[in-house]
Structures are given as structure tokens and as C-alpha cells.
Amino acid sequence: MMLDREYDPKDIEQRWYETWLERKYFHAGDDGTAPGYAIVIPPPNVTGVLHMGHALNNTLQDIMIRYKRMDGYEALWMPGTDHAGIATQNVVEKYLAEKGKSRHDLGREAFIDEVWRWRDKHGGLIITQLKRLGASCDWDRTRFTMDEGLSHAVKKVFITLYNDGLIYRSDYIVNWCPRCHSALSDLEVEHEEADGFLWHIRYPLADGTGEVVVATTRPETMLGDTAVAVNPADERYASMLGKELVLPVMNRRIPVIADAVVDREFGTGAVKVTPAHDLNDYEMGLRHGLEVIVIIDESGNMNENAGPYQGMDRFECRKRLEEDLQEQGFLVGKTPYRVPVGTCYRCRTTIEPHLSKQWFVKTRPLAEEAIRAVADGRTRIIPKQWEKVYYEWMNNIRDWCISRQIWWGHRIPAWYCDGCGEVMVSETEPTQCSKCASADLRQETDVLDTWFSSGLWPFSTMGWPEQTPTLKRFYPTDVLITGFDILFFWVARMMMLGLKFMGDVPFRDVYLHALVRDEQGQKMSKSKGNIVDPIVEMDKYGADAFRFALTAFAAMGRDVRISDKRIQGYRFFINKIWNAGKFVLSNIEGFDPQGAVPDPSKLGLAEKWILTELNRAVAQTRKALEEYRFNDAADVLYQFTWHTFCDWYIELSKSVLSTGEGNQTRWVLHHVLRSILELMHPIIPFVTEEIWQRLPGRDGESIVKARYPSVNPELDFPGDDELMGYIIEVISGVRSIRGETGISPGVLLDVVIRVDDQKLRGLLQANSVHIRDLARTRQVGFIADEAERPRKCALAVRKGLEVYVPLEGVIDIDKELDRLAKQMGKVAKELEEKRRKLSNPNFVAKAKKEVVDEQVRIREALEFELASLQKAHALLKA
RNA sequence: AGGCACGUAGCUCAGGGGGAGAGCACCACCUUGACGCGGUGGGGGUCCAGGGUUCAAAUCCCUGCGUGCCUACCA
């Protein structure tokens, strides 16, 4: 059957994906003898819409899974989505707001029902989009972090950690988002710098003997000040230590204290201390037994402790307070200042340090084991540079705040007794207090940080805490492929929890890929309007072109810059493959490759050459994939397919095919095409399947299940490979003359080649048909002697061969003389450099012998080339 | 403030101690029976700057400049 003129991805992609699903090719079984290979997907948010980061991430995973599946492994790609607490709650709240409702109108249970309804309706979008990309996940196993099974795992882990003393509840200054009304972990805060001011405020001494001027970026917090601190060694303030100041506006008395954390150089060297609204100040407060006065509530408004400012928004308060201070003469001045601000990574609201009771995981003991696991190589981090970052973070890890004051998520399985205050942690709801037997119990309203449940992903998705056959076969997983941006959020937590609960690392390798940026290297964002939408790209160019582009740009450890144009470029490549397929198929119609396996020793030169090149490409591709050098794999395949197979071998094959002979050529065309398709299938699954299905005599029902090509030593001919190199050089030499002298491709030329080596001459002569066809020549002559050198010729020197094209009457002699002169100049320059190097006695004495030999060889080649050009020049001039 | 990358052709980037590479763009030629989403040929670079190591540096080491990112409780 003939293929269409151009490759049209749309129908083909959909048709094959459905077929693959129907035939359950992506299913990985729990039993069997094949070795297991597993990857768990970084679960996208249920609210997610496929973006470039997902596309890159999942393309790379799919490449590894498809490669290993073809290479004889039982390959499991475990899919699923994340409930994404805050993000999802935000989305649903926004949706409710459109209907004029808030979550408080509904109440907790109804709201959660609403979220589930939302998920059931919209949560499948990202999965559909992953399928569009061609992801070969085992969809029957799809998990969700709020599934019953996973929720059970979460409870089990929480309770175990609690009982082991690794979870505790404590007062602490946490990062508080006044909009989300929830604590955030340190990682969920984004740090930025913003334009602000440094205010200088006068605090008079109570005894009227003087004053202290403090510097602050947040004047409104002074309402909660309970001390002013100075450095103990600061003699400027030595006499004031222990004295009391009068807090302006509030007229409270606060002490002057000494603490080593105060930097004498900054501001005035005196710091106002607000234990309730700053982490440093809180810790200082603990050291000095200071009172803690909360003045800002959970919504970011001033509370009853803020005196006249009660009820104001924190920023409004700042403004009013400044006016009051000014009026009352306490404001010394304000200067512009770059202030660090933390913002909520979900909603961009400015974070408010907030004192509250939260749940924490004691991370140090867990981190120690996680550090060891990387140090002793149980888990490899690739590229290696990230190991350092991992150690750095793990070594300085702080306790992990895991409670969130939102509704959507895993509710913390803790109950408080209203009778005696006892805290009970258990899997099921207790009926009475374990201490005082009171029945007045309240469940904790907080839910867990989303990353708590995703931290269990590698084993919770496989059925833990049950000892399932899936775990047995697939845990630890082989590689985790993810972006470096969630190294701490997710990878580090999986390491800690996997080691703790499975007793083994969650994955053998972690491959961290870069971020996808636009072509200027900027982060993609809606506000910049530089978003490249994967779905749009796939609609335009097809999933294969899109995937190949991502793969080709995924150089290790570097950002992936992508643009519409680059994807278009690879669409041309897909079309090239399509056309190569079309050519081969149309030439092997009715041909039975299995009945025509040729005797390797009887293969023609071009056949031996392309088979040898194929082996090289196979070896390089496999090696690149094993080492996660995806761009190298793409590059090798691109080069081999287009410039080796299409540009040379297919062209070479045409003359043989036209003679009506050529069954071995047909066999080789078929063999190489099939190998190319199979080699590339993991990267571009659709077009390869479509062509593969039309191959005659294929074994197997789908390329998905085909064997990944291996190097074939029986079809490897290194010597002939080299001979073909001469022929290629001669052909491109003739073409070069033709191009540069403006001889039309239609004009058939005569070519004379001077080869001194007799054996080589014989071999070239025997294969001169290739030169005739591809260089478009009438006659190919060979000479052995300098004396026979023809006159009035254009010359190209390649690989120690002189290639003459007689040109009398064909071209302009003067132009040719110029051309030769120009080349001589180039060669002479190179030669001079080479001679200088070789005349350096230190070089000859100290460099490795192979290097010197190589340089000598190059020098000789250059000398030969220069001499040839000079003589040709002289003869032409004569 | 510390850390990690990166500065190579007009653009986007590979490479990584011994003759400067790819894709795109550019120029010329080509209606060759797979493909003009094609073919052939060609032009184009003090490999950021300065110093060091070396027989030899785009490549390794320092310094500087520039860019990007990550981490951090300086009010």
C-alpha cells in the first residue's frame, strides 16, 4: 500500500494509541520471569493542564520505558495524579466565587464533596493530555493521592512517625498566608526583593535621660514590641542596658536587652523585638523570657492588641502609624530600601510570620539515612552536580511543618480531649479519651502538606502497607525522572520516607532534567505571554515532532529552550522519515526479507558500509540512553537517518534497483529501515509504528513489542567502511567543483582520479559505479602516475586522492585559477601551523607518540594537498 | 551574603587538552521518478577578557566582567 505524499499525524496518532491501549501493551504484570523495570510518574496536580515541563518530563520517561520494554524488561510506568491541597482548593474556591459562594457558606463536608465532584469532572484532563503525548503508562494502575489505599498509607505513616517520636506538635512562628489562611513550609515561600523603606523611629527612655533610635522595615509590628535589643559589645548602648523605654503610641514600657545576633553595623545597631511576628525575634524572646503580643490576626488584620489600629489591614495600619509617629515627633526619617519579602508560592500574597501551633516532622534522623544512601551509591543523582545541592540541603535541614489549615487534603488523624487536653493519634476515631475517658473529643481540623502524601508515592502506589507482588517486583524503582525544581520538595522527602518505611531507597537513579524556557531563556509564564502550549504544538506538528524536539534539546543539566520554529524543524525530520519509508516500501513490494537473507560475505560495498554505520548508530544510541544523554541519542539517530541513510545509502541504492537486480540491496534497505524505526520508536512512537506496520515479513504485531536493535557482529565490516569513505570523498569533491565553478548538475562530466596505491586503485575502480551515479559523470578514469596528470582541469584533493574534472570549454579558466589559489592559501596556512608544531623539539619529545604520528600524518596530507594544488595551478595556467 | 551553572558562527546550542561543530538563518545552483517539509555546493567564528599550568588550552586552574538559577532569620 502506498503512503501519502506527506505525513499527516492526526488520525494516525489517535488510531495507534487506541490500538495500543486495547491490546494492553502498556500493562506490566506482577508475575513473570522477565526482569522488572519501573518508573513512577511525578504525579501532576489534578487541576493541572499539560505544560512544557510536563511534556519534557513525560517524554523522557516514556523514552526510557519504551526502550526497556523493547529491550526485554517488564516495564512498569506507574501513573497518577496529586490532590495538590492548596492549589486545588484555590481552584474550586474560585469556581464557587463565580457562583457567589465561599467555602464557608458550604461548610467543610459539603465543600470537600464539591472538590471531589470537581475532580471527577475535570481531573482527567491532564491524563488525557498525557495520552495525547503518547505516554505508555500502565493506566489500569492509575492512582490518586487521596485514594482509599493511599490515604491508608498516609495514616499509617503518620501514626508510625508519631509513635516513633518523629512527629510533634509545637508553637512556632510559621510562614502564614493570610489569603489561604494556612501555614506554609519553608519551601513553599518564594523569596523576592521589593522596593520598600527603612524607617528610623525614636524610643524614649522611661527615665527621660535619652532615647534609642531603632531601624525597621516593618513599623506596624512595633505595636507588638516587647523589647529593644543591642549587641552586648556595643559601647554606644552599654549604659542603657536594663533600662526601660516607652513604646511610642502604645505607651508600654519595654526593656533594653543585649543579644549577640544583633549586628552593630546595621541601621542604628538597635533592633526592636516583636516575638509574635518575626522568627528571629521569637527566638530572642525565648532566650530572654519576653512577653509575646500578637497584634495581627490570621487574615492579616490588626487585632485588639493593636490599640487604635484595631481592625485595620496590616498595610493600612503601616500608613496610619507612620502619620501618627510623624505627628508625635517619633519618626526620625525613612529611606528607600530593598526589602526581602516572602510570598505564597500559590497565590503570591505576602507572607506574614505567624505564631501558631503546628505539626512538625523531626527530619534530622531521617535525613541522615537519606544522606548515607546517596553517599554509598544506593541512589545515584544524575547529573552529579546535584548531589552537592542535595547534601547541602539535607545537612542543613530544618523540621518540616506538615500541617495546613485548609480543608482539602488528608486530615491529620489526631483527636483532642476537651476534658483533659490529651492528644490521641490513631487510625480510627476514638470513642473516649484514653486518659480521662471523656467522650468530648474533637478531631484535628488541619490537613497534611500535600508533599507528605507524595513523599510516599513510590511505595504507596504499589499497595503498601500490604506486601504486594507489585512491590516485590518493582520496588525500588529504577529511575526517577523529574525537574530539579522539586529536588527538595519531593525527591528528598521520598528518599527519607522510602528508607524509613521500605528499608530501601525508592529509586536507583534520579535523573534531574532542566527547566523548559522560551527561546530567550526566560521562564514561561502567562504574564509574560511567552507560553508555548504543548497541545497547540502537537496539533500543528504532531506529537512525534514535538517529542523529538524536546529530546534533541534535553542536553544534560542545561535548560531546554524551545520555540514553535524549532518544533517545526523536527516536523521536517518526521516527514523525511516518512518519505524514506515510502521509498523503501515502494521498492520492496512483494519482497520477502526472510526468504532472502544474504550471505554477508557477498554483500556489496555500499551494503557493507551502511550496515557497519548502522551498528555504530545502534551502539551509540543504546549507550546514550543508558546514560540518560537523551539529546545525544536524538542526535545520533537524526544524523544517521537523514545524512547517512537517506543522503547516501538510498541514493546509492537507486542505481542498483534500477537494474532490476538488487535483492540484497532490498534486503539491506528493509533491514536498515526497520532498525531505524525500532531505534527511534521510544522517541517518536507514532510514525515509527505506522511505517513498521507496513513492512513485509515483520515478526510480531506491533513495534511496541518489537526487540530493540542490538549490534550485529555478523554484519560489521570496518575495512569496507573505510573504502567507502574514499568514494564519498571523491563524489563530494566532484560536486564541490561543480558547485563552485557553476557547472549545471545536468551536465555529465568526465572524472580522472589519481591514486598512487595500486590496491586502493583497484578497489575504487571496481566500485566506480557509485561515483558515476552520484557525481553524475560520464566516465571515471584512473591514473597512477603524476606524469599522466591531465591539463586544463579543475582539481579537488581529498584523502590523498587527486580528483580531476577536465573543464576545457566548460568553464572559465581564470575563475578556476582563483579558486585554486584561494584553496592553496588556506592549505598553506594550516600547513605552516603544523610545521611549526612539529619543529618544536619539546613537542616531539614530550607528546605521546600517537599524537605526534597523527600530526605527522596530517602534515603529510597537507603537503600532498598543497603540492597537488600547486601543480594543477601551474598546468592550468600553462 | 553564600552556592551552582553558563558566556563557542547572525540566532539557538552541542563539544570539552592535540587539524573549530550541528540545526536554523544567509548566498548560489537544481522542476534527478521517497521527500522543495527536498537536493548539492558555499560564505561566516581573537570559542567573553586577562593571567597561570602544559610541548600543546575553546577545553584544566585562578581573577575579572556579564547572564541565569538556587539557598539564607540582617531588623
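Within every chain, numbering begins at 1; the chains are lettered A, B, ... in the order of the sequence lines, protein sequences first and strands thereafter. All values derive from a computational prediction rather than experimental measurement.
With RNA chain B read from its 5' end, the first of the two nearest nucleotides for A:N842 and A:F266 is the one closest to A:N842. RNA chain B is contacted by both A:R776 and A:L862; A:L862 maps to the nucleotide lying nearer its 5′ end (nearest heavy atom per residue).
Residue A:I650 is classed as a base contact, given a heavy-atom separation below 4.0 Å to a base. Residue contacts for A:N840: at a heavy-atom cut-off of 4.0 Å it reaches the sugar-phosphate backbone alone, with no base atom in range. At a threshold of 4.0 angstrom between heavy atoms, the contacts of A:R398 are confined to the sugar-phosphate backbone, with no base atom among them. Residue contacts for A:F645: at a heavy-atom cut-off of 4.0 Å it reaches no nucleic acid atom on any strand shown. Contacts of A:V851 with the nucleic acid, taken as non-hydrogen atoms under 4.0 Å apart, include base atoms. Contact annotation for A:P340: backbone-only contact, meaning every heavy-atom pair under 4.0 Å involves sugar-phosphate atoms and none involves a base. Contact annotation for A:V262: base contact, defined as any heavy-atom pair under 4.0 Å involving a base atom.
Residue A:Q855 has its side chain nearest to B:G19 when only B:C55, B:G19, B:A34 are considered.
Checked options A:E220, A:E352, A:H277; the residue passing with A:R314 is A:E352 (criterion: side-chain hydrogen bond (donor to acceptor under 3.5 Å, both in side chains)). Partner A:Y7 forms a ring pair (Phe, Tyr, Trp, His ring centres under 6.0 Å) with one of A:W578, A:F573, A:Y541 and no other, that one being A:W578.
When side chains are defined from C-beta on, A:I397 counts as touching A:M394, because their heavy atoms get closer than 4.5 Å. A:H200 has its side chain out of reach of A:V214: every pair of non-hydrogen atoms, C-beta onward, lies at least 4.5 Å apart. Side chains of A:E863 and A:K834 form no contact here, defined as non-hydrogen atoms less than 4.5 Å apart.
Under 4.0 Å is where a charged nitrogen must lie from a carboxylate oxygen, and between A:D853 and A:K849 at least one such pair does. The residues A:D259 and A:R287 are annotated as salt-bridged, a charged nitrogen and a carboxylate oxygen being separated by less than 4.0 angstrom.
With both ends at atom C1', the span from B:G44 to B:C26 equals 9 Å, rounded to whole Å. For the C1' atoms, the distance linking B:G16 with B:A20 amounts to 12 Å, nearest Å. Here, B:A49 and B:G7 have their P atoms 13 Å apart, quoted to the whole Å. With C1' as the reference atom, B:C74 and B:C6 are 30 Å apart, rounded to whole Å.
Nucleotide B:G23: paired with B:C11 (Watson-Crick or G-U wobble, both distances less than 3.5 Å).
Look at CZ on A:R287: it is 11 Å from C1' on B:C73, rounded to the nearest Å. Spacing between atom NE2 of A:H354 and atom C1' of B:C73 amounts to 18 Å, rounded to whole angstrom units. Between the CG atom of A:N631 and the C1' atom of B:G23 there is a distance of 13 Å, given to the nearest Å. In this structure, A:R859 atom CZ and B:G18 atom C1' are separated by 15 Å, rounded to whole Å. Here the P atom of nucleotide B:C74 and the CG atom of A:D259 are 16 Å apart, to the nearest Å. When the P atom of B:C35 is taken as reference, atom CG of A:N579 falls 6 Å away, rounded to whole Å. Rounded to whole Å, the distance from CD on A:E392 to C1' on B:C70 is 11 Å. Per the geometry, CG belonging to A:D8 stands 17 Å off P belonging to B:C35, to the nearest Å.
Closest non-hydrogen pair, A:R798 versus A:S732, comes out as NH1-OG, 2.9 Å. The two residues A:C401 and A:A183 have their closest heavy-atom pair at SG-CB, 4.3 Å. Nearest heavy-atom pair across A:A617 and A:F640 is CB-CG, 3.9 Å.
Phosphate proximity of B:A5 to A:Q385: absent, as no side-chain N or O sits under 4.0 Å from OP1 or OP2. Regarding contacts with the backbone of B:A34, every side-chain N or O of A:K582 stays at 4.0 angstrom or more from both OP1 and OP2. Look at A:K654 and you'll find a side-chain N or O under 4.0 angstrom from OP1 or OP2 of B:A34. Residue A:Y7 places none of its side-chain N or O atoms closer than 4.0 Å to OP1 or OP2 of B:C35.
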In sequence, state the C-alpha distance, the side-chain angles, and the governing distance for A:D399 and A:Y172, and then conclude on side chain to side chain donor-acceptor pair (under 3.5 Å).
CA-CA 11 Å; A:D399 283 353; A:Y172 203 63; over 6 Å; no
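With hydrogens and angles ignored, no donor-acceptor pair closer than 3.5 Å exists between the side chain of A:K848 and the base of B:A56. Between the base of B:A34 and the side chain of A:E651 there is a donor-acceptor pair shorter than 3.5 Å.
In the region residues 218-228 of chain A, proximity to RNA chain B at under 4.0 angstrom, judged on heavy atoms, holds for none of the residues.
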For a quick check, with a 4.0 angstrom heavy-atom cut-off, what is the B/S/- contact string for nucleotides 38-44 of chain B, read 5' to 3'?
SSSSSS-
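Rounding to the nearest 0.5 Å gives a distance of 8.5 Å between CG of A:L487 and CH2 of A:W393.
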